[in-house]
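Have a look at the structure below, then the notes.
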Amino acid sequence: MAADSTRTAEPAAPGSAVAAGPKKLKLHGRAFYESLGSPKYIVAPMVDQSEFAWRMLSRSFHPESERASVLAYSPMFHARQFIESQKYRDQHFQATRPGSTTPWLDGNPAFDRPLFVQFCANDPDVLLAAARIVAPHCDAVDLNLGCPQNIAKKGRYGSFLQEDQDLIHRMIRILHENLDVPVTAKIRILDTPEATLAYAKNVLSAGASILTVHGRRREQKGHLTGLADWQMIRYLRDNLPPETVLFANGNILEHEDLERCLAATGADGVMSAEGNLSNPGLFAAPPPPGSEPRGYWRGRDGKGGWRVDEVFRRYLDILHEHPIEGLPAANEKGKRTGKPTKRRSDVAKECPDRLAPNFVGMQPHLFHLLRHLVGRHHDVRDALARTHLGEVEAYEAICRLVEKKVAEGLLEYERTGGKSVEEGGIDGPPPPPPAPASAVGAAAGEDEADADADAEGDRESSARVVRECWRPWWVVQPVIRPLPKEALARGAVQISKKDKKRMAAELEAEAEAEGGQDEDKTKQRAKRAKEDGSAGDVAGGTLLPR
């Protein structure tokens with residue numbers, strides 16, 4: 001589509017700090033995407049988890065000249081709270097220094113671009129009012145249509161708007177027609193390719209410049225998260241106009257998954273949430289062997305990754321350089337020397353600056369980063385659990401403790417020639433699973449196709465992915481969720497009557513489509529699914545690697 005013409009200046013919204021002047025030409029669609037440098041890698045919007053410091057950390061693994069190639073989203077903001085509460089705005093979006101119009105953190109053109117700001121909303125006018133406040137400090141405003149959590153259901157936003165396509169169209173349209181920056185949207189897939197395609201077309205026709213597609217349905221969360229359906233995203237790519245800018249989201253655990261996803265889906269860019277939380281260096285290509293920078297470890301097997309102590313130190317340095325450095329001196333003195341606060345209400349009274357997302361996110365971020373380390377070193381886990389909001393010096397002490405643990409682990413690794421992590425146990429990789437029964441049968445002359453099927457099943461199991469992604473505990477690495485069928489087998493999740501009925505219906509339809517002698521077997525699986533939910537993949541969709 002052609003770029004929109006220059007717009008007339010509008011009055012600044014409350015809370016914005018923008019001087020009146022001529023508006024920039026508003027680009028749309030692929031022209032807008034190309035104006036950003038066509039970024040392929042995207043830090044996902046996450047509630048209280050994609051804040052300024054984390055975005056800076058995620059970009060820090062690239063050379064300074066390439067950091068703008070990583071597009072990042074703000075955390076999701078609640079549009080109504082954003083326009084009604086000055087305190088909410090001050091705590092969640094710190095674009096200018098307190099009491100001035102000087103650029104500070106969020107959206108600072110010097111180091112926090114490109115940046116998209118995401119809102120959840122269910123009222124077009126409220127959404128527009130909130131979007132106008134942030135528009136001068138970002139490159140686009142995004143509408144959250146993907147959140148599957150119960151709080152989104154109660155508030156009627158996120159994925160719980162997908163049944164109201166007219167409202168979705170009106171919200172995107174009002175931003176497209178009235179904002180000086182483009183509007184984008186993030187959706188989840190629906191039950192069928194046809195329904196998902198119609199959904200995507202509705203969002204794009206309303207004026208969205210970029211469409212992000214999370215390849216999971218609304219029901220796929222928690223123990224039922226399962227695998228994202230890359231084939232569904234490929235279907236959209238093949239059936240939407242070629243000028244459509246499409247981002248794919250889901251199944252990204254390691255850097256190699258990024259290119260796999262691009263190839264499988266045909267998307268323009270890849271977004272990561274959980275993979276990025278476990279490894280903020282995910283988007284940077286691993287260094288060639290022999291040229292590892294400080295803080296990057298490579299083992300004798302050739303596998304490597306960033307050491308947790310290096311990532312921890314980078315994170316704290318960013319906090320000191322930006323959010324902490326910009327706090328008023330008097331408040332900072334009180335925070336460093338005053339009595340530690342134990343309750344959020346105490347922090348709100350004594351140190352309100354510490355309620356900003358850059359401090360609220362510290363403990364959860366570090367538990368993600370240190371997940372594998374604290375499984376072995378419980379003293380680090382306990383120290384991290386005891387930290388209170390805003391206690392930066394406590395985190396400094398934990399960082400020093402982590403540095404000591406990693407140094408000891410590396411010395412032991414060298415002393416034993418790598419055997420300290422190669423012989424299994426808590427330090428070592430998980431043992432390979434027992435040979436599939438069908439593989440044994442194949443050796444005895446049974447049908448080799450059955451063995452191939454089980455081998456394929458292993459490639460789609462969390463056990464396989466755990467083995468492939470495993471690194472020693474001192475290296476950042478992903479947290480692998482069990483597949484829904486594995487969680488069912490372990491009794492970690494119970495299937496609702498609605499899901500049992502749906503599973504049974506899917507299996508019965510499969511039986512009718514297949515016909516032949518397999519029909520009775522499939523109908524038996526359908527009956528078993530209806531009774532106890534023990535058959536099939538409750539997450540649905542085609543299983544793909546990662």
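Side-chain atoms are counted along with the backbone in the values below, which use heavy atoms only and exclude waters and symmetry mates.
Between Phe283 and Tyr41, the ring planes lie parallel to each other; the angle is under 30°, not in the 30° to 60° tilted range. Between Phe82 and Phe93, the ring-plane angle classifies as perpendicular under the 30° and 60° cut-offs. Note on ring orientation: taking the six-membered ring where Trp is involved, the planes of Phe116 and Phe32 are parallel (angle under 30°, cut-offs 30° and 60°). The aromatic rings of Trp306 and Tyr296 lie perpendicular to each other, with more than 60° between the two planes, well past the 30° mark.
Electrostatic pairing of Asp309 and Arg313 does not count as a salt bridge here, judged by no charged N lying under 4.0 Å from a carboxylate O.
Taking the six-membered ring for Trp and the full ring otherwise, His92 and His78 have centroids separated by 6.0 Å or more.
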Any chance you could lay out the side-chain contact (heavy atoms from CB on, under 4.5 Å) test for Lys26 and Asp180, step after step, and finish with the verdict? CA-CA 6 Å; Lys26 178 178 173 180; Asp180 295 307; 5.8 Å; no

Determine whether Cys261 and Trp230 satisfy the following criterion, side-chain contact (heavy atoms from CB on, under 4.5 Å), listing intermediate values before the conclusion. CA-CA 7 Å; Cys261 182; Trp230 285 354; 3.6 Å; yes

Test side-chain contact (heavy atoms from CB on, under 4.5 Å) on Asn108 and Met56 and set out the steps. CA-CA 11 Å; Asn108 191 317; Met56 292 289 288; over 6 Å; no

Let me see the working for Glu254 and Lys303 under salt bridge (Lys or Arg N to Asp or Glu O under 4.0 Å), right down to the final yes or no. CA-CA 12 Å; Glu254 296 187 296; Lys303 292 183 177 181; over 6 Å; no

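A cation-pi arrangement, defined by a distance under 6.0 Å to the six-membered ring centre and an angle within 45 degrees of its axis, is present between Arg314 and Phe61.
Side chain of Arg97 to main chain of Trp104: no donor-acceptor pair is present (N/O by atom type, distance under 3.5 Å, no hydrogens or angles). No donor-acceptor distance shorter than 3.5 angstrom exists from the side chain of Ser278 to the backbone of Gly275, with no hydrogens or angles considered.
A donor-acceptor contact closer than 3.5 angstrom is absent between the side chains of Ser74 and Asp106.
Closest non-hydrogen pair, Tyr157 versus Ala121, comes out as CB-O, 3.9 Å. The shortest non-hydrogen separation linking Thr244 to Arg237 is O-NH2, 2.9 Å. Listed here is the closest heavy atom pair of His320 and Ile324: ND1-CD1, 3.7 Å. The heavy-atom pair separating Glu51 from His365 by the smallest distance is OE2-NE2, 3.0 Å. The two residues Pro148 and Arg218 come nearest to each other via the heavy atoms CB-O, 3.4 Å.
Residue Glu163 qualifies as enclosed at atom CD: its count of foreign heavy atoms under 6.0 Å is above 12. Within 6.0 Å of the CD atom in Glu274, the count of heavy atoms belonging to other residues, nucleotides or ligands does not exceed 12.
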